Structure formats: C-alpha cells, structure tokens
Asker: 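Here's a structure for you.
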Amino acid sequence: TSSDSGELPSVRVETEHGYELTATPNHELLVLRGGELEFVEAGELDNTDTLVLDQSDKTMPVVADLELPDEQEAYHHNAQTIPVENYPDKLTPDVAWMLGALWGDGTLRLDENEIVFSLGHDEQVAIDRVVEFFADLGLDVSTYDRSGSGKGDYTRIQVRSAQLADWFDRNGFTKGALDELPEALYQSPEVFTDFLGGLTVDATLTESGSISYSTADESFAKTVQDV
C-alpha cells in the first residue's frame with residue numbers, strides 16, 4: 001500500500017466464499033467473533049472470524065448467475081424435460097424461497113432425480129407456492145395427502161426430473177450437510193430474506209414480534225443466525 005510517506009505494510013484478506021480485500025494491518029473490519037459483532041484490526045483476524053460485508057451492489061453481485069442445463073444432454077427417453085430457457089438464470093426471490101423450503105422441509109435425492117417437500121396441512125400457502133414454482137417451469141408436480149400416516153397430517157409434494165436434478169447439481173443446490181448452504185446464496189444478499197422466508201414456513205411468531213425457529217441441528221441453527 002502506498003502513501004505520501006512511502007510504502008506501508010499491508011495484509012490481504014480472503015474469505016472462504018472468495019471475496020478479497022487488501023488493507024493496512026491496523027485497518028478495522030467488522031466481524032462476527034464468538035457470536036458478537038466487533039471491530040478487529042485486519043492484522044489480527046483469524047480463520048474463525050466471519051467478516052461482515054457491505055450488501056449493496058457496490059461491492060458484490062446482488063444476485064448470482066445460475067447455470068442452465070446442457071441443451072445437448074441426452075436424458076432417458078421417458079425423462080421429464082422442459083426447454084432449458086425455462087430455468088431461471090438468476091437466483092431470483094422465488095428460487096431462494098424454494099431453496100429455503102427445501103432446506104427446511106424437503107428432501108433432495110439427486111441420484112434418484114427426485115425432489116420432495118413435506119408440508120403440514122396448516123401450511124397451504126407454502127404448499128401452493130412450491131407447486132406453483134415447479135409448475136410454472138413446465139414440470140409435472142405430484143401431491144399426496146398423507147393424513148393418518150403416523151407422522152402427522154401433511155402434504156407430500158414430489159417432482160421427478162433428471163434435467164431438474166442436473167440444474168440443481170450444476171448450481172450447487174445439493175443438500176448435503178444441513179448447515180452447508182448453496183454458495184450462490186452468499187453471493188445474493190438481496191434474496192437472503194426470501195430464503196429465510198421459505199426456511200421458516202413452520203416458524204412461530206412470538207408475542208414480542210420476533211420469529212422463533214426450531215431445529216435439532218445446532219450447527220445449522222448457528223448458520224441461520226449468521227445469515
């Protein structure tokens with residue numbers, strides 16, 4: 001780093017999501033450390049810190065670009081396919097909401113080309129939105145009433161398509177460990193709230209006006225808190 005007095009020492013900071021900056025060692029950056037927000041000098045950062053980034057489009061893309069399925073891909077002749085241009089090429093609010101619902105109440109079986117959502121009967125608005133999302137793409141959606149299943153009364157929504165599974169896989173929408181969110185989300189701060197909206201369709205609104213969301217996975221709870 002240059003100044004009127006000559007060369008100054010500098011440090012380069014790179015996050016696990018690919019963002020970089022160069023600063024003098026004593027330049028303070030806002031980080032999440034030990035569950036608390038605080039300013040830390042760049043030279044004192046360590047790999048356990050979570051760097052807080054400006055969410056405006058001045059510093060990062062507002063929404064990530066998405067890759068379309070390969071138009072030349074040869075799927076089984078019975079496979080359900082749609083024109084590739086039907087798939088969103090941006091991480092739109094609807095895509096983010098769908099991913100939130102998937103992470104919260106869904107199962108992704110890419111090896112079986114199947115995506116399944118299980119939503120309670122009291123979540124009809126969410127049920128309709130999931131069905132509408134895939135139907136608007138041009139895909140066939142199956143719904144099953146699972147009343148009396150022994151696991152509560154819920155609706156099972158199922159979409160089977162090798163092409164759709166390919167689109168999920170190409171864009172990193174692979175639900176492995178629960179707390180590993182798709183990389184594209186971190187590049188799309190504008191739609192974070194849409195993702196959280198889908199994730200918390202079965203959350204509780206407390207008397208104080210806050211949202212209470214429960215999960216058995218402590219690391220995922222921490223990820224949601226960070227988001």
Side-chain angles (χ1 to χ4, degrees), residues 15-20 57 60-119 123 126-146 154-199 201 217 220 223 227:
T15 74
E16 65 177 331
H17 301 298
Y19 301 110
E20 299 180 11
D57 57 5
M60 70 177 80
V62 175
V63 292
D65 292 328
L66 299 181
E67 186 177 348
L68 300 180
D70 185 352
E71 200 163 16
Q72 306 303 317
E73 180 73 28
Y75 300 104
H76 189 275
H77 67 278
N78 286 330
Q80 181 179 193
T81 60
I82 58 175
V84 296
E85 59 267 19
N86 286 23
Y87 289 94
D89 60 1
K90 299 282 187 182
L91 187 58
T92 65
D94 284 340
V95 175
W97 186 93
M98 178 275 297
L99 290 174
L102 177 65
W103 252 250
D105 296 284
T107 303
L108 183 62
R109 304 187 183 103
L110 292 183
D111 57 334
E112 299 178 22
N113 303 321
E114 181 180 65
I115 299 165
V116 176
F117 297 80
S118 299
L119 296 167
E123 299 164 358
I127 292 169
D128 292 342
R129 186 166 179 179
V130 170
V131 171
E132 182 179 336
F133 175 83
F134 292 104
D136 284 350
L137 294 182
L139 293 165
D140 292 332
V141 184
S142 300
T143 59
Y144 305 93
D145 185 341
R146 303 292 290 169
Y154 68 94
T155 296
R156 175 186 170 97
I157 305 167
Q158 178 179 309
V159 186
R160 293 183 61 89
S161 167
Q163 186 188 50
L164 178 65
D166 181 32
W167 181 66
F168 267 70
D169 190 41
R170 285 172 179 270
N171 290 290
F173 301 159
T174 51
K175 186 180 175 183
L178 189 60
D179 61 343
E180 295 177 1
L181 302 184
E183 180 70 23
L185 274 174
Y186 291 101
Q187 301 170 10
S188 311
E190 189 174 275
V191 298
F192 267 157
T193 54
D194 297 284
F195 174 81
L196 292 174
L199 177 70
V201 292
D217 191 313
F220 182 55
T223 297
V227 169

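As the structure is a prediction and not an experimental result, all values here were calculated from the model. Below, each value reflects all heavy atoms present in this structure, side chains not excepted, and no hydrogens, waters or symmetry copies.
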Asker: Mind checking whether Leu137 and Pro88 have side chains closer than 4.5 Å, heavy atoms only?
Answerer: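 Contact flag for Leu137/Pro88 side chains = yes.
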Asker: Are the side chains of Phe173 and Leu102 in touch, meaning some heavy atoms are under 4.5 Å apart?
Answerer: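 Not in contact.
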Asker: Where the side chain of Gln80 meets the backbone of Asp140, is there a donor-acceptor pair that is under 3.5 Å apart?
Answerer: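 Confirmed, Gln80 side chain pairs with Asp140 backbone.
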Asker: Considering all heavy atoms of both residues, which atom of Ala101 and which atom of Val130 are nearest to each other, and what is their separation?
Answerer: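 Smallest heavy-atom distance, with atoms named: CB-CG2, 4.5 Å.
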Asker: What distance separates Phe117 CZ from Phe133 CZ, expressed to the nearest 0.5 Å?
Answerer: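 One finds 8.5 Å between CZ of Phe117 and CZ of Phe133.
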Asker: Which residue is it: Ile115, Asp105, Leu119? I am looking for the one with a side chain to side chain contact (heavy atoms under 4.5 Å, CB included) to Ile157.
Answerer: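 Option passing the side chain to side chain contact (heavy atoms under 4.5 Å, CB included) with Ile157: Leu119.
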Asker: Apply side-chain contact (heavy atoms from CB on, under 4.5 Å) to the pair Thr92 and Val191, showing each step before the final yes or no.
Answerer: CA-CA 7 Å; Thr92 65; Val191 298; over 6 Å; no
Asker: Using side-chain heavy atoms (C-beta onward) and a distance below 4.5 Å, is Leu99 in contact with Phe168?
Answerer: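 Yes. Closest side-chain heavy atoms under 4.5 Å.
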Asker: Is any side-chain heavy atom of Leu164 closer than 4.5 Å to one of Asn113?
Answerer: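 Asn113 vs Leu164: side chains apart.
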Asker: What's the shortest heavy-atom distance between Leu68 and Arg170, and which atoms?
Answerer: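 Heavy-atom minimum between the residues: O-CD, 3.7 Å.
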Asker: Between atom CD1 of Ile127 and atom OG1 of Thr155, what is the distance when rounded to the nearest 0.5 Å?
Answerer: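 Going from the CD1 atom of Ile127 to the OG1 atom of Thr155 covers 3.5 Å.
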Asker: For the residue pair Trp167 and Leu66, establish whether any side-chain heavy-atom pair is separated by less than 4.5 Å.
Answerer: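 They are in side-chain contact.
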Asker: Does any N or O in the side chain of Thr107 come within less than 3.5 Å of the main-chain N or O of Val116, such that one atom is a donor and the other an acceptor?
Answerer: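 Judged by distance alone, no pair lies under 3.5 Å.
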Asker: Could you tell me which non-hydrogen atom of Ser188 sits nearest to which non-hydrogen atom of Ala64, and how far apart they are?
Answerer: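 It is OG-N, 2.8 Å.
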Asker: Give a yes or no on this: more than 12 heavy atoms of other residues, nucleotides or ligands lie within 6.0 Å of atom CD of Glu16.
Answerer: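 Result for CD/Glu16: open.
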Asker: Are Trp97 and Val201 close enough that some pair of their side-chain heavy atoms sits under 4.5 Å apart?
Answerer: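 They are in side-chain contact.
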Asker: Would you check, one step at a time, whether the test side-chain contact (heavy atoms from CB on, under 4.5 Å) holds for Leu181 with Phe220?
Answerer: CA-CA 9 Å; Leu181 302 184; Phe220 182 55; 4.0 Å; yes
Asker: I need the minimum non-hydrogen distance between Gln163 and Tyr87, along with the two atoms involved.
Answerer: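 Taking every non-hydrogen atom into account, OE1-OH, 3.0 Å.
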Asker: Rounded to the nearest 0.5 Å, what's the gap from CG on Leu108 to CH2 on Trp103? Could you check?
Answerer: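 These two atoms lie 7.0 Å from each other.
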Asker: Do Gln158 and Arg156 get their side chains close enough for a donor-acceptor pair, meaning under 3.5 Å?
Answerer: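 Yes - a donor-acceptor pair under 3.5 Å links their side chains.
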Asker: What is the minimum heavy-atom distance between Arg129 and Asp94, and which atoms define it?
Answerer: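 Minimum heavy-atom separation between Arg129 and Asp94: NH2-OD1, 3.1 Å.
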Asker: Give me the atom names and distance for the closest heavy-atom approach of Ala96 to Asp194.
Answerer: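 Taking Ala96 first and Asp194 second, the nearest heavy atoms are CB-CB, 4.0 Å.
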Asker: Does some side-chain heavy atom of Tyr75 sit less than 4.5 Å from a side-chain heavy atom of Ser161?
Answerer: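 The answer is no, as the side chains (C-beta and beyond) never meet within the 4.5 Å cut-off.
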Asker: Quick one: does Asp65's side chain get under 4.5 Å of Lys90's, heavy atoms only?
Answerer: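 Heavy-atom side-chain distance check passes, below 4.5 Å.
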Asker: Might you confirm whether atom CD of Glu85 has over 12 heavy atoms from other residues, nucleotides or ligands at distances under 6.0 Å?
Answerer: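 Above 12, so yes.
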